[in-house]
Amino acid sequence: MRAYNLYGFGNERAYWLFVPLLMSLAMMSNEFTSDKDVSDKQIILVLMIFVVCILFKIWCNCTYYFKEKPREQLDTYIGEGIFKGLYSSAGKAQSVVDIERYLQSMTEEGDRVLCLDWASFAYMMINGDICSPTTLDASEYTYNVNDPEPYYSYFRTVGRVPNKIFYIDTGRDDIVSIDNPEWKFNELINVCYRQIDEHSNEKLNIREYMLIDEIKAMQIVNR
């Protein structure tokens with residue numbers, strides 16, 4: 001199991017670090033108060049540190065916006081789709097609506113859909129079923145793990161492969177995985193799928209691949 005904390009102390013992933021910190025301070029406070037030689041000033045100091053940490057955490061959470069601009073620039077209301085009711089920057093607000101319309105138009109009930117790379121939001125926009133062991137990228141392209149087995153193992157378990165794959169370039173990585181000649185998962189794509197469409201807007205680029213040889217695909221994942 002891999003764990004990452006890439007976004008600093010203010011991110012929600014750091015709660016597991018923040019809580020033990022407060023518990024440690026509380027234990028220190030209890031230890032001090034049970035010591036007859038500890039002065040009131042030392043007790044107050046520990047309590048002040050405790051309060052400052054809580055206030056700092058509140059400030060971090062109130063000023064941190066995941067992959068967004070500062071609050072004063074989030075002035076555009078999103079009127080439709082999965083993000084309806086939220087405010088974003090003008091470009092991103094239009095972009096997410098456009099992408100959702102596109103994914104809805106390119107998928108239908110019964111499709112088995114895989115979305116790459118690291119674009120879990122797209123699964124909420126599609127018709128059809130998710131064909132992936134996780135809504136995040138199981139092969140962890142953004143971390144260069146380069147191991148297709150998490151996907152292959154899932155495909156073997158369910159006895160099928162996706163019939164549609166969408167590569168969604170959000171700008172997180174320099175290139176999407178399908179353009180990386182060293183990426184091992186691309187063997188399956190290059191042999192058993194072909195690109196049928198591409199769609200771009202101001203923020204995102206999407207390429208759609210369609211399954212053309214399911215028998216060969218299952219042979220590859222079962223090797």
Side-chain angles (χ1 to χ4, degrees), residues 1-4 67 80-83 92 94-223:
M1 180 178 181
R2 302 179 181 92
Y4 302 95
K67 295 184 178 180
E80 64 178 272
I82 64 171
F83 297 117
K92 185 169 288 187
Q94 181 56 46
S95 175
V96 295
V97 170
D98 172 59
I99 290 300
E100 183 166 0
R101 289 173 179 171
Y102 174 76
L103 290 173
Q104 288 280 323
S105 70
M106 300 302 291
T107 55
E108 57 188 25
E109 296 297 329
D111 280 337
R112 307 183 303 274
V113 182
L114 174 64
C115 295
L116 301 171
D117 301 298
W118 215 268
S120 54
F121 65 89
Y123 288 115
M124 297 187 290
M125 298 177 171
I126 63 169
N127 296 304
D129 300 317
I130 298 172
C131 192
S132 172
T134 172
T135 54
L136 287 178
D137 181 4
S139 62
E140 300 188 60
Y141 173 63
T142 196
Y143 297 116
N144 198 34
V145 176
N146 206 4
D147 181 10
E149 183 56 27
Y151 282 123
Y152 288 178
S153 177
Y154 173 78
F155 298 154
R156 289 194 297 269
T157 299
V158 299
R160 60 181 183 270
V161 294
N163 70 309
K164 292 182 179 179
I165 297 178
F166 293 93
Y167 287 89
I168 303 178
D169 184 4
T170 63
R172 180 185 179 97
D173 300 295
D174 293 335
I175 58 173
V176 290
S177 61
I178 191 60
D179 292 334
N180 186 340
E182 305 298 325
W183 196 244
K184 296 177 182 178
F185 187 70
N186 288 346
E187 177 192 3
L188 175 68
I189 308 304
N190 293 332
V191 172
C192 305
Y193 293 78
R194 66 179 175 88
Q195 183 177 342
I196 63 170
D197 198 44
E198 183 170 5
H199 179 77
S200 298
N201 61 31
E202 181 182 350
K203 300 292 183 180
L204 302 172
N205 174 268
I206 299 182
R207 279 183 268 175
E208 180 184 358
Y209 283 73
M210 177 75 74
L211 178 66
I212 57 173
D213 192 338
E214 186 167 9
I215 294 177
K216 182 63 175 179
M218 292 305 300
Q219 290 175 347
I220 291 177
V221 302
N222 280 302
R223 280 193 314 216

Point to revise | Check: G128 main-chain N/O paired with K164 side-chain donor or acceptor under 3.5 Å | key: no
Exercise for review: State which residue, out of D179, D117, D169, D197, fulfils the salt bridge (charged side-chain N to carboxylate O under 4.0 Å, His left out) condition with R207.
Suggested key: D179
Nearest 0.5 Å, what's the [atom1]-[atom2] distance between [X] and [Y]?
| X | Y | atom1 | atom2 | result |
| --- | --- | --- | --- | --- |
| Y141 | D147 | OH | CG | 15.5 Å |
| T134 | Y154 | OG1 | OH | 10.5 Å |
| L103 | F166 | CG | CZ | 5.5 Å |
| K216 | L188 | NZ | CG | 10.5 Å |
| L204 | I168 | CG | CD1 | 7.5 Å |

Practice item. For the residue pair Y152 and F155, categorise the inter-ring angle as parallel (less than 30°), tilted (30 to 60°) or perpendicular (more than 60°). Key: tilted
Point to revise | N222, CG: over 12 other non-hydrogen atoms inside 6.0 angstrom | key: yes
Check your understanding: N144 and W183: side-chain contact (heavy atoms from CB on, under 4.5 Å), yes or no, with the steps?
Key -> CA-CA 9 Å; N144 198 34; W183 196 244; 4.2 Å; yes
Review point. Are any of the side-chain heavy atoms of T142 and D137 separated by less than 4.5 Å?
Key: no
Check your understanding: Between E100 and E80, is any pair of side-chain heavy atoms under 4.5 Å apart?
Key -> no
Exercise for review: Ignoring hydrogens and angles, state whether a donor on the side chain of N127 or D111 is under 3.5 Å from an acceptor on the partner side chain.
Suggested key: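 Result is no, nothing qualifies.
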Exercise for review: Before accepting this row, confirm whether a basic side-chain N of the pair E149/R156 lies closer than 4.0 Å to the acidic partner's carboxylate O.
Suggested key: yes
Practice item. Could you list all the ring pair (Phe, Tyr, Trp, His ring centres under 6.0 Å) pairs where at least one residue sits in residues 197-223, not counting sequence neighbours? Key: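 Output for this query lists Y102-H199, Y167-Y209.
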